[in-house]
2 protein chains.
Amino acid sequence: MTPPTAKADQTRARILEAAMQLFREKGYEQTTMRAVADAAGVSTGNAYYYFKSKDEMIQAFYARTHTEHLAAVGAILEQGGTLEQRLLGVMRAKLDTIAPYHRFAGVLFRTAADPGSPLNPFSEESLPVRSESTDVFARVLKGSRTKLPEDLAAELPQLLWTYHMGVILFWIHDTSKGHARSYRLMEGTVGLVVKLIKLARNPLLAPVRKASLKLLREIRGDDDRPPAAA
Amino acid sequence: MTPPTAKADQTRARILEAAMQLFREKGYEQTTMRAVADAAGVSTGNAYYYFKSKDEMIQAFYARTHTEHLAAVGAILEQGGTLEQRLLGVMRAKLDTIAPYHRFAGVLFRTAADPGSPLNPFSEESLPVRSESTDVFARVLKGSRTKLPEDLAAELPQLLWTYHMGVILFWIHDTSKGHARSYRLMEGTVGLVVKLIKLARNPLLAPVRKASLKLLREIRGDDDRPPAAA
DNA sequence: GTCTATAACCGGATAGAC
DNA sequence: GTCTATCCGGTTATAGAC
């Protein structure tokens with residue numbers, strides 16, 4: 001068993017640290033790999049030993065915010081509360097966590113456009129990578145006392161994750177002071193989402209619900225026939 | 001009146017044509033500006049005289065599909081029909097129009113991420129550029145016999161445009177044969193959207209509707225104070 | 001003033017020696 | 001794991017031709 005090589009990890013961390021600082025100071029485009037390597041006290045070639053590309057540094061940062069978010073969210077998820085309170089707490093924590101990085105969020109978005117990226121909201125392949133992230137929303141649901149029809153409960157965590165990506169997409173383009181509009185959007189839509197969820201429990205709407213969920217599974221492609229057959 | 005064309009226009013067209021063909025054959029990343037210039041029989045420097053960047057060629061192509069879409073949609077919009085039929089026709093025409101370019105659609109998406117781009121669904125600045133595009137949806141609504149509350153009617157064209165961007169976003173990542181999933185998504189969601197619009201006319205739901213529209217105006221930011229120039 | 005070309009720049013990325 | 005040297009391609013500077 002190789003212990004997670006001590007010195008290597010430090011070097012990697014040093015490079016990432018330098019990159020983050022420079023990105024913040026000068027922005028992503030204005031920061032050259034040469035500058036990052038310099039600041040970290042390594043050669044450019046060496047920097048590429050640790051990060052396959054400049055973009056990958058951003059992804060590394062993203063992973064970091066994800067960890068921070070998980071930490072921030074622990075308390076909220078354990079203390080009970082209504083569905084709305086819980087969802088609101090988690091979403092607010094998300095916006096709070098990513099706030100310091102708004103400046104180069106555009107790159108993150110570009111990354112998300114790559115079909116192979118774990119940030120891509122639609123790709124099937126990256127689903128496993130996303131599971132930790134969707135799991136947060138599963139816990140949001142489970143901890144609330146809101147009872148849900150089974151078919152809906154199965155899909156809702158993913159749906160909420162997609163919703164949360166939509167909010168982030170807005171946030172990326174939000175130039176309002178303190179990202180006030182994003183918070184406003186989030187607060188307003190969380191309310192709508194919760195109302196909608198409660199509405200979906202109404203037995204009268206079961207046919208609509210079932211049809212919608214069927215559509216969802218179809219377009220996701222894990223419905224009945226595996227795409228190979230087609 | 002300047003007569004529509006000098007030799008310049010032809011050169012520009014030749015470059016764009018060469019670019020399109022190469023992009024299709026080899027993909028966007030694999031096509032160099034030098035190759036495009038070569039194929040068009042001009043120098044690289046000259047190619048940059050006509051297009052500020054490689055990305056701008058993609059945008060030029062996008063403008064072209066937009067024109068094609070407008071043409072394709074004319075008949076549909078003039079022949080009446082229900083709201084659902086009209087929206088379905090317009091959306092189907094859209095997917096049909098962009099189909100040949102799926103291969104490098106990812107770049108389009110990346111372009112859309114740029115806050116200054118007219119494709120960016122959220123930016124205020126680019127709203128005028130989008131107006132021709134949202135106008136199609138205004139005509140979809142106007143031609144149908146569906147009566148709408150005024151406040152909703154004012155916002156709906158833009159909302160439908162945003163919806164249509166969402167479908168395209170899905171399409172970009174859709175790897176199913178013939179983009180079947182995108183068509184399925186579109187057909188299914190058009191139905192939902194129309195149902196929702198009809199639901200919104202219900203007087204009992206007026207408070208929800210008004211609150212939602214208020215939220216929409218708030219986050220768009222044309223509510224009270226205009227943001228300072230960027 | 002509109003067009004075209006050549007040469008160079010710059011920075012992300014890679015090869016390969018140590 | 002680290003470096004140096006180099007490649008490659010988008011982009012720009014600039015000079016000249018129509």
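Proteins come first, then strands; the chains are lettered A, B, ... in the order of their sequence lines, and each starts at number 1.
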**Item:** ring-ring contact (aromatic ring centres under 6.0 Å, His included) involving B:Phe23 - partner list, sequence neighbours excluded
**Value:** B:Tyr28, B:Phe104
**Asked** What is the per-nucleotide protein-contact pattern of nucleotides 2-18 of chain D, from the 5' end, where B denotes a base atom under 4.0 Å from a protein heavy atom, S denotes such proximity for sugar-phosphate atoms only, and - denotes neither?
**Response** BBB-B--BBBB------
**Fill in**
In whole angstroms, the gap separating C1' of D:dG1 from CZ of A:Phe51 amounts to 14 Å
**Request:** Could I get the full list of ring-ring contact (aromatic ring centres under 6.0 Å, His included) partners for B:Tyr48, not counting sequence neighbours?
**Result:** none
**Request:** Send over the distance from A:Ile15 CD1 to C:dG12 P, rounded to a whole Å.
**Result:** 15 Å
**Prompt:** Quick one: ring-ring contact (aromatic ring centres under 6.0 Å, His included) partners of A:His66, sequence neighbours excluded?
**Reply:** none
**Those residues that, when tested against A:Arg64, pass salt bridge (charged side-chain N to carboxylate O under 4.0 Å, His left out) (two or more places apart)** = A:Glu17
**Message:** Under the rule for salt bridge (charged side-chain N to carboxylate O under 4.0 Å, His left out), what residues qualify as partners of B:Lys142, not counting sequence neighbours?
**Reply:** none
